[in-house]
Amino acid sequence: MPIAALATFVAATAAVVILLRGVTWLPLAQPSARSLHVTPVTRVGGVSIGAGVLVGMPAWPPLPGIPAASAWVVGAAVCLVAAVSMVDDWRGTKATTRLAVQLAAALGVAWALPVGALAAAGIVVVTMWMANLFNFMDGSDGLAAGAAICGFATYAAAAYVSGNAALPFACIALACIPFLAVNLPPARMFMGDVGSVTLGFAAAVLGIAGVIDGAWPAWLPLLAFITPILDATLTLAARASRRERLWQAHKSHYYQRFHQLGAGHRGTFGLYTGLAVGTSATAIGCAVTAPELGWVALGAWIVMLALLFAAIDYHWHRHSPTR
């Protein structure tokens, strides 16, 4: 286990160094209507995360909740999501194409997991939403990487406590650390869809599989990633209530408004990473000492985040820079 984890970290670090040296031929994230940056920044940094994971993967034991006979289907689904995301980063794809590929991957995962038809439908919806909401959160320096490190570290700790394999989740968290080093404010490289969409998809798949296997309670994956889940879901609901075009680029996520109200990249990273650490620590603490309090802890964090987002709403409508 230590050798595989070390190999993952070293490979991810080497990939970051290679990407930095090849910035002249890598695609750039250009400032747009949803951007919080004003100059072009190299994207596809998520490739380094994938490289680290692939190096450590041969040493992985079976993943909780994923039958050995159909594990290849889950692996192929994740690779399919990563592939279409990489194409989108490099040359762009239609939204319908991306969603169709994500749907095919989600259907493959639902087929591979030992669940009934109704649960399979829920898995398809959850995995597709998680993949895209994680991408939504990749708009401010360090946010997506920080959330991924905390979330997958939570999975690793919970798996260890329940006597399951912690190595796969630890490797994913470790693979994100070298990228975070170049994504901290001011970011020298962005994760890109190849990183954010794939990590979100994997977080949903592995979280659900762990619940099916009994490696952790259903509240744990939700609590580990509740901040991005709630930010993206409430933002989408608010935009839908205003009858806005949901596919149109915007900067109305709570983290985007907090950034524009003066927090900037550093302040936003500090707040959201602090929240990720807090929810992850709560999830691990409950898993270790009082699993029966998990749903109570999740509810408490939802209330606290709702109050925080309400405060951002209040200050935005009073002091919005666009008004």
Any side-chain hydrogen bond (donor to acceptor under 3.5 Å, both in side chains) pairs touching [range], not counting sequence neighbours?
| range | value |
| --- | --- |
| residues 303-313 | Y254-D313, R257-D313 |
| residues 144-171 | T154-S280, S162-N164 |
| residues 211-223 | none |
| residues 54-65 | none |

*Taking C150 as the fixed residue, which of T227, V277, L275 is the one that meets the side chain to side chain contact (heavy atoms under 4.5 Å, CB included) rule?*
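The single option meeting the side chain to side chain contact (heavy atoms under 4.5 Å, CB included) with C150 is V277.
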Quick check: does any side chain N or O of [X] sit under 3.5 Å from a backbone N or O of [Y], one acting as donor and the other as acceptor?
| X | Y | result |
| --- | --- | --- |
| D231 | Y255 | yes |
| T273 | G270 | no |
| D141 | L184 | no |
| S70 | A112 | yes |
| N132 | M128 | yes |

If you link ILVMFWY side chains whenever their heavy atoms are less than 4.5 Å apart, which other residues fall into the same cluster as [X]? By chain and number, please.
| X | value |
| --- | --- |
| W72 | V73, W111 |
| V288 | V161, I284 |
| V101 | L80, V84 |

Distance (rounded to the nearest 0.5 Å) between [X] [atom1] and [Y] [atom2]:
| X | Y | atom1 | atom2 | value |
| --- | --- | --- | --- | --- |
| T39 | Q30 | OG1 | CD | 9.5 Å |
| I3 | T8 | CD1 | OG1 | 12.0 Å |
| T235 | L230 | OG1 | CG | 9.0 Å |
| I172 | L167 | CD1 | CG | 10.0 Å |

*Which pairs, with at least one residue in residues 264-294 and sequence neighbours excluded, count as a ring pair (Phe, Tyr, Trp, His ring centres under 6.0 Å)?*
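Residue pairs passing ring pair (Phe, Tyr, Trp, His ring centres under 6.0 Å), neighbours aside: H259-H265.
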*How about R21: does its CZ atom have over 12 heavy atoms from other parts shown lying under 6.0 Å from it?*
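No - once you tally the heavy atoms of other residues, nucleotides and ligands closer than 6.0 Å, there are 12 at most.
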*Exceeds 12 heavy-atom contacts within 6.0 angstrom, atom CG of L118*: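 Open: at most 12 neighbouring heavy atoms sit under 6.0 Å from CG of L118.
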*Sequence neighbours excluded, which residues qualify as ring-ring contact (aromatic ring centres under 6.0 Å, His included) partners of F258?*
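Result, ring-ring contact (aromatic ring centres under 6.0 Å, His included) vs F258: none returned.
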_side-chain contact (heavy atoms from CB on, under 4.5 Å) partners for A11, two or more places apart_ =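 Partners of A11 by the side-chain contact (heavy atoms from CB on, under 4.5 Å) criterion, ordered by chain and then number, come out as V55.
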*For L6, enumerate each residue passing the side-chain contact (heavy atoms from CB on, under 4.5 Å) test, keeping only those at least two apart in sequence or located in another chain.*
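L6 satisfies side-chain contact (heavy atoms from CB on, under 4.5 Å) with V10 only.
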Measure the shortest side-chain to side-chain distance between [X] and [Y] over non-hydrogen atoms and say whether it is less than 4.5 angstrom.
| X | Y | result |
| --- | --- | --- |
| M130 | I229 | yes |
| I66 | L113 | yes |
| I208 | V211 | no |
| H315 | R318 | no |
| P61 | P168 | yes |

Just distance, no hydrogens or angles: give the donor-acceptor pairs under 3.5 Å from side chains in residues 186-205, sequence neighbours left out.
residue, atom, partner, partner atom, Å
S196, OG, N135, OD1, 3.0
S196, OG, G192, O, 3.2
T198, OG1, V194, O, 2.8

